[in-house]
Structures are given as structure tokens and as C-alpha cells.
A.B. asks: 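Got a structure here, written out as C-alpha cells. Questions coming.
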2 protein chains.
Amino acid sequence: MKKGKDENTEEQILEAAKNVFQTKGMDGARMQEIADKAGINKAMLHYYYRSKQLLFEAVFKNVFSLLAPQLNAILNDDSSIEEKVKNFTFNYISFISKHPYLPNFIIQELNRNPEFILQMKDSKGFPNLAKFKKQVDREVEKGSIKPISAEQLFINILALNIFPFVAKPLIMAFSNVDSKVYKQLMEDRKTEVADFIINSIKNT
Amino acid sequence: MKKGKDENTEEQILEAAKNVFQTKGMDGARMQEIADKAGINKAMLHYYYRSKQLLFEAVFKNVFSLLAPQLNAILNDDSSIEEKVKNFTFNYISFISKHPYLPNFIIQELNRNPEFILQMKDSKGFPNLAKFKKQVDREVEKGSIKPISAEQLFINILALNIFPFVAKPLIMAFSNVDSKVYKQLMEDRKTEVADFIINSIKNT
DNA sequence: AATTTTGTTAACCAAATGGTTAAACCGTAT
DNA sequence: ATACGGTTTAACCATTTGGTTAACAAAATT
């Protein structure tokens, strides 16, 4: 069996490609740089993935599959809204610290080619608002949270959690803080963001 | 005087370049495409702007100068926090409808090259948190709003307003809405976002 | 009117880039 | 041992791309 070897190379390519594509984007990425990072000949990229476009798509799907479960935690979990907001906020900020380029990569590439996400919408595990919508409507009706549509609440939760990482250079410049202070701000947000959201929607 | 002619050409180039750079990004943009959109010969781009890099920087500064006054409305205006939040939210969403690619462009390019914003920090009119910080601290002390740092509040305001436009393709896919419904959601946010923020920070 | 300066173009160039190919390599089965 | 299969590499190729040049046109200056 030499399969160990192939799978290893294929995996090394994907890892290197994830690295380069996430930091440089599709247009800025260079096949040669990916090959160098993987420590193999450039022809191997085409041997295993045919073209830059297909390699990119493999990377995108792989990266996206990391994000989807995070979002499903808020959409398809069984806990209360309040619990979900607390858990999601806490976990997401930890998660993103391990994948700092992920949100920007996904957002950038989807804006470059918005049709691309349509191919993924069918795959199982793709985040979907249906269940969350029912829950929000029910809690609004019960009176435990103020009137808000599930869509707007979902947008707000994502915005407050994701945006600070996407806009890091901008925020750092405006607020005149260095990397260290910025990191502390993000650490504080693990609990502050949840409080901010809950304060806003909770009925007294 | 043929100055009318030059300035016209120079201006046409900048307009075409803004168009192309904002939609394709620095790496995806092609000098030929800019020339075509401007209806002139490619050599003119170099005649007026020397290089792709310098043309890009001219575009970036121009685009950034549209955004800065929007942000200063919340940082350096004299109205109360509540008023500011209401006005900013309402105005920003209108503003962005006229410049849909702007926030994504700025965020994407700053992530590609975070040092770039340092060159701009000195220029007058560059958004700065100093005044806003004093105001927030004062209002917290007075007890008119709940304890929150100016930095976190500013991040939250930006996040809730900017993110929905940056992440449009993502949100559309998750919530299964078409462009028309999405536009309505954004329209609703002109008032909903301000309420959301104020609910969260206002002391009862 | 002659000349100099500025604006504009077509043709060209060198480097970079995604992709291909033909030969070498290497473990395995015959 | 040898032939065979997938794997890997160096060299190569065609195209794209940012940038240049030299000649030409249009003003501006004298």
C-alpha cells in the first residue's frame, strides 16, 4: 500500500492551499506559493486538483465546513435563546482566534462570486433559519423576549460576533489601540456581547 | 488652456478605477479593464498615475474620504448618544445603498495590507475616538446609559450597521430570502438597529 | 508662423503565471 | 528480476499582464 503517501501529499496540498487562499484570496494566491508551502512540485497541484479553480473550491468547502457547525449551534440547538446567545458568543470568539482569516475569506470570496454559495445550499448541514424562526416567534409570543424577527436577530448576533474580526485593521486605527489591547477587547466581548444582546431583547 | 481636457481624462480614469477596484479588488483588477471603462488608452493610466499601485492608492483614499465623514458623525457630533445612534443608523444605511461595494472594499484591502491605513491616520478628518470616549464616560457616570466602554459601543454600532452589507451573500443564503426581501430587511434596520442599541444601553 | 510642451495612441516588451508533458522514480505483484 | 501502476519532477509552453516607447496630435508659448 502506498496510499499513505498519496493521501499525505493531497492533504499537505490542501493545508498549504488553505493557508495561502485564506490570506491572499483567490486572485492574490499563486500556485507556486502553494506548492512551495506544501514542499512539493507545482505539477502535483494539478495532478491532484486539476486546476486552480478546483483547488480553490476544495479549500472553500473545507473552510466553510468549519464555520457551519458554529452557526448551527445557534440555529438548531434546543436551548433557550438566552442560553444560545451566551454559548455562541463565548464559543465563536474562541473559535475565530484559532481561524483568524476564516470569516474574511468567506465573506470576500462570496462577494466576488455570490452564485458560488448556491452550489452549497443543498448539502446537508448547511445552516438554515427554519427552526430558529419558530423558536423566536414562540418566545416573542410568550413574551419572554421583545418583538423582533428571527432574521434581524440572527443578523445582529452574527454582526456583533463576526464583524470585529473582519474589520480589525479599521477598528484598531480608529480607536488607536495596539494588537495587545485589541485582543483584550475581543476577550471582553466573550461575555459583553451576549449581555448586550440579551439586554436589548429581554422583557423586564 | 487644455486643462479642461486633462482633468477630464484624469477624472474619468479615477472613476473607472474606483468602479473596477471596488468590485474586483487590487489583485483582481486589470489595468486594461480600467482603461476600457474609461474609454481611453491603457498608457494613459500610467501617464497620469504612474503605476497600478499608485492608482489604487488614489482610489482607496478617494473612497475612504467618503466613509470618514459618516463615522465622524457619530464620533464628533454634539448631540446625545441616543440621537447619534438614531441619526447614524438611519443615514449610514441610506449612504451605503449608494455605495454598495464600499465597506467590503475597504475591509478587504485593509486586511490585505494593514499597514496601509497608517499612512492615513495623520490626515485631518481621520476618525478618532477621543471625543466620543469622553462623552460615553460622562453619560455612564451620569447614569443615563449602562456601563460600557466607548470602544465596545463603537464596535457594536459599526458592526450592526456595516456587517449586513458586507455579509449580504452569506445572510441571503442562510435566511433563504431574495434580493427584494433582503432590501426590505435593510430598510427596516434603519430604525430597528437604533432601537436595538438603545434598548441595550439605556438605563430604565 | 514656428516651436515647444502636453496629451494620446498603437505597438511592443519582459516577467509572471496557470497549466502541460515526457521522463524518471518507486513500491508492488507477477 | 521484471514489468506495471501510480507518483513526482524538471523543463517547457501559451497567455496574460503591468509597464514602456516612439511617433503623432493638439495646445500653448514664443
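Labels below follow one simple rule: chain letters A, B, ... track the order of the sequence lines, proteins then strands, and each chain is numbered from 1. Just so you know, these numbers come straight off a predicted model, no measurement behind them. For the numbers below, each heavy atom of this structure counts, side chains included, while hydrogens, waters and symmetry mates do not.
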A.B. asks: Which one, C:dG7, D:dG6, C:dT20, comes nearest to the side chain of A:Ala43?
C.D. replies: C:dT20
A.B. asks: Tell me the interatomic distance from A:Lys42, atom NZ, to C:dT21, atom C1', rounded to whole angstroms.
C.D. replies: 12 Å
A.B. asks: Do you see a donor-acceptor pair shorter than 3.5 Å between the side chains of A:Lys190 and A:Ser94?
C.D. replies: yes
A.B. asks: Do any side-chain nitrogens or oxygens of A:Thr9 fall under 4.0 Å of OP1 or OP2 in D:dT8?
C.D. replies: yes
A.B. asks: Taking everything shown except B:Lys134 itself, do over 12 heavy atoms lie less than 6.0 Å from its NZ?
C.D. replies: no
A.B. asks: Return the set of residues passing ring pair (Phe, Tyr, Trp, His ring centres under 6.0 Å) with B:Phe154 (not counting sequence neighbours), or none when no residue passes.
C.D. replies: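 Ring pair (Phe, Tyr, Trp, His ring centres under 6.0 Å) list for B:Phe154, sorted by chain: empty.
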A.B. asks: Any idea how B:Phe56 and B:Phe60 line up, ring-wise: parallel (<30°), tilted (30 to 60°), or perpendicular (>60°)?
C.D. replies: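 Tilted.
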A.B. asks: Please tabulate the protein-to-nucleotide N/O contacts below 3.5 Å involving nucleotides 23-25 of chain C, giving atom names and distances.
C.D. replies:
none

A.B. asks: Grab the OH-P distance between A:Tyr48 and C:dG19 for me, whole Å please.
C.D. replies: 18 Å
A.B. asks: List in chain and number order the residues that pass side-chain contact (heavy atoms from CB on, under 4.5 Å) with B:Ala73, two or more places apart in sequence or in another chain; answer none if no residue qualifies.
C.D. replies: none
A.B. asks: By a strict heavy-atom criterion of less than 4.0 Å, which residues belonging to residues 28-39 of chain B are in contact with DNA chain D?
C.D. replies: B:Ala29, B:Arg30, B:Met31
A.B. asks: At a heavy-atom distance below 4.0 Å, what parts of residues 16-25 of chain A sit against DNA chain D?
C.D. replies: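 When residues 16-25 of chain A is checked for heavy atoms under 4.0 Å from DNA chain D, there are no hits whatsoever.
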A.B. asks: How many whole angstroms separate atom CE of A:Met44 from atom P of D:dT8?
C.D. replies: 4 Å
A.B. asks: Is there a donor in the side chain of A:Asp195 and an acceptor in the side chain of A:Asn199, or the other way round, less than 3.5 Å apart?
C.D. replies: no
A.B. asks: Under the side-chain hydrogen bond (donor to acceptor under 3.5 Å, both in side chains) rule, collect the residues that match up with A:Gln108, sequence neighbours excluded.
C.D. replies: none
